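Data first, discussion second: the structure below is written as structure tokens.
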Amino acid sequence: MAKIGKDVASARKLLETDDVVAIPTETVYGLAGNALSENAVLKIFKIKNRPFFDPLIVHIRGDEDLDHYVRNVPDSARELAARFWPGPLTLLLEKNQIIPLLVTSGSPRVAVRAPQHPLTRELLGLLSFPLAAPSANPFGYISPTRAEHVDELLGKHISYILDGGPCTVGIESTIIGWENDRPVLYRPGGIPIDTIEAITGKLGVPASAGTPSAAGQLKSHYAPRAKVITGTISELLNQYKQEAADSIGVLSFQKDYGIPNQRVLSPSGNLDEAARNFFAYLRALDRPGTTLILAEYVPDAGLGKAINDRLQKASA
Ligand code: TXA
Ligand code: MG
């Protein structure tokens, strides 16, 4: 198992020698390495068992660092960075030479974001390079929102987890890019689409939709070991009533169905709370013996869009 602690200096030392470290962000925990070192980046792909066609997000301190790593930045990108960084927003922009093609899976564009967690901001302030960091889970599995989740999943392969407590947003960053000078949504996430559109106007859909290498667009993702089935919970319970009770888990939005293996995302119907709980609850339901997780979509507003996107991919 990995060492878990709050020692930013230890994390720094490891990262400066091309080692990888799990880091807290406001969205989910990341598996971080020096983004400018192919050596470190290779370790990330290897530990996650991630295919090389799926590129990594580069974490920077803030918009003051932007021009080191990207060029031809649209005005609306600068506006978004000024408004939402540090925070759960990733911008897909034309990369500078200094970013290795390994990070972008050969693409001329790199995904960059400035994370908000104070420990990780402190760490970035001590480093002379940005951090490439995908979510700290094995490829395709549920994203980690606590240090212990990372330890369970990847603890064997990493020496240090910087413990920043539970993630306050709980869902990955929103990813925005530009196609023919128009802003496009690649992945709904921690900043609601409406909040972004208030600045950019209506976001487009990617022309590349459907290709597996496009941001956050792999059809199956975030998946537990148990099969996830979505629908109306009461109907699903009726449909699967002949299954053994302890083989079924229920993930509901507000309502308690009196099932022993159930999690309610937000009894008061708060979508921010639901987002914060989503991955941890999915993981808690995915225990040995559970073969089916019955889940319902949440209202399609605010962070609900991002939650529903994850739920759909978990059930694909
Ligand atoms: O909130 C987050 O974004 C978290 C934390 C750790 O920052 N990170 C995260 O990384 O969710 P990951 O690797 O799990 O998801 C990043 C998504 C992937 O779907 C990837 O395909 C896409 O971003 N992506 C990254 N770089 C890209 C690029 N150059 N072009 C297109 N898509 C890119
Ligand atoms: Mg991920």
Side-chain angles (χ1 to χ4, degrees), residues 20-33 35 41 44-45 47-60 69-70 84-96 99-117 120-121 123-124 130-145 149-150 153-154 161-162 164 167-179 184-191 206-209 211-223 275 278-279 303 306 309-310 313-314:
V20 297
V21 170
I23 56 164
T25 84
E26 73 282 26
T27 59
V28 301
Y29 275 74
L31 183 62
V41 173
I44 297 174
F45 277 102
I47 291 171
K48 261 195 78 108
N49 196 16
R50 183 176 177 114
F52 287 112
F53 63 71
D54 196 3
L56 308 181
I57 296 178
V58 171
H59 297 71
I60 63 177
Y69 307 116
V70 297
F84 296 113
W85 282 357
L89 174 70
T90 295
L91 302 176
L92 199 48
L93 298 165
E94 204 179 310
K95 80 175 195 71
N96 271 344
I99 301 286
L101 284 166
L102 190 59
V103 171
T104 66
S105 302
S107 166
R109 291 196 295 173
V110 63
V112 285
R113 93 170 183 102
Q116 200 180 38
H117 196 286
T120 291
R121 281 173 62 68
L123 177 62
L124 283 168
L131 292 173
S135 51
N137 50 289
F139 181 69
Y141 191 64
I142 305 169
S143 304
T145 53
H149 298 166
V150 181
L153 296 171
L154 298 177
I161 300 171
L162 191 59
C167 299
T168 53
V169 175
I171 294 266
E172 294 90 340
S173 59
T174 306
I175 306 181
I176 305 285
W178 281 259
E179 293 183 13
V184 162
L185 175 71
Y186 289 93
R187 178 175 74 180
I191 298 193
S208 52
T211 59
S213 62
Q217 290 176 8
L218 294 172
K219 284 205 171 64
S220 168
H221 216 100
Y222 313 110
F278 179 74
F279 284 129
L303 291 190
D309 167 77
R310 307 308 188 268
K313 287 177 176 142

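Whatever order the structure lists them in is the order used to number ligands and atoms, beginning at 1. Just so it is clear, the structure is predicted and the values come from calculations on it, not from any experiment.
Close contacts of ligand 1 with P134, meaning ligand atoms under 4.0 Å from a residue heavy atom, involve 10 (O), 12 (P), 13 (O). With ligand atoms numbered from 1 in the order given, ligand 1 contributes 29 (N) to contacts under 4.0 Å with heavy atoms of V110. Taking every heavy atom of R109 and a limit of under 4.0 angstrom, the matching atoms of ligand 1 come to 28 (C), 29 (N). For ligand 1 and G30, the ligand atoms under 4.0 Å from any heavy atom of the residue are 6 (C). Interface atoms of ligand 1 facing A111, defined by a heavy-atom separation under 4.0 Å, are 25 (C), 26 (N), 27 (C), 29 (N).
When all heavy atoms of L185 and T174 are compared, the closest pair comes out as CD1-CG2, 3.8 Å. Annotation for G30 and A136: closest pair C-CB, 3.7 Å, computed over non-hydrogen atoms. Here the shortest heavy-atom pairing between L91 and W178 reads CD2-CH2, 3.8 Å. Taking every heavy atom of both residues into account, Y186 and L92 meet most closely at CE1-CD2, 3.8 Å.
Between S173 and ligand 1, at least one pair of N/O atoms sits closer than 3.5 Å. Among the atoms of R113, some N or O lies under 3.5 angstrom from an N or O of ligand 1. Note: an N/O pair closer than 3.5 Å links R187 and ligand 1 by distance alone.
The closest approach between H59 and ligand 1 falls below 4.0 Å for a heavy atom of the residue. Judged by the shortest distance from any of its heavy atoms, R50 lies inside the 4.0 Å radius around the atoms of ligand 1.
Between the side chains of S143 and E172, at least one donor N or O sits under 3.5 Å from an acceptor N or O. With 3.5 Å as the limit, one finds a donor-acceptor pair spanning the side chains of R113 and T25.
At a heavy-atom cutoff of 4.0 Å, ligand 1 is contacted by the side chain of I175 but not by its backbone. If you look at E172 next to ligand 1, the close heavy atoms, those under 4.0 Å, come from the backbone and the side chain alike.
For the atom pair CG (L89) and CD1 (I176), the distance works out to 6.5 Å, reported to the nearest 0.5 Å. Atoms OG1 and NE2, from T120 and H59 in turn, are 8.5 Å apart once rounded to the nearest 0.5 Å. From I171, atom CD1 reaches atom CZ of R187 across 9.5 Å, with rounding to the nearest 0.5 Å. Taken to the nearest 0.5 Å, the CG atom of L31 stands 9.0 Å off from the CG atom of L56.
Put simply, S143 stays out of reach of the Mg ion (ligand 2), with no N, O or S atom under 2.8 Å from it.
Proximity annotation for atom 20 (C) of ligand 1: of D54, T90, L92, D54 comes nearest, heavy atoms only. Here the shortest heavy-atom distance to atom 16 (C) of ligand 1, taken over I57, L101, T27, belongs to I57.
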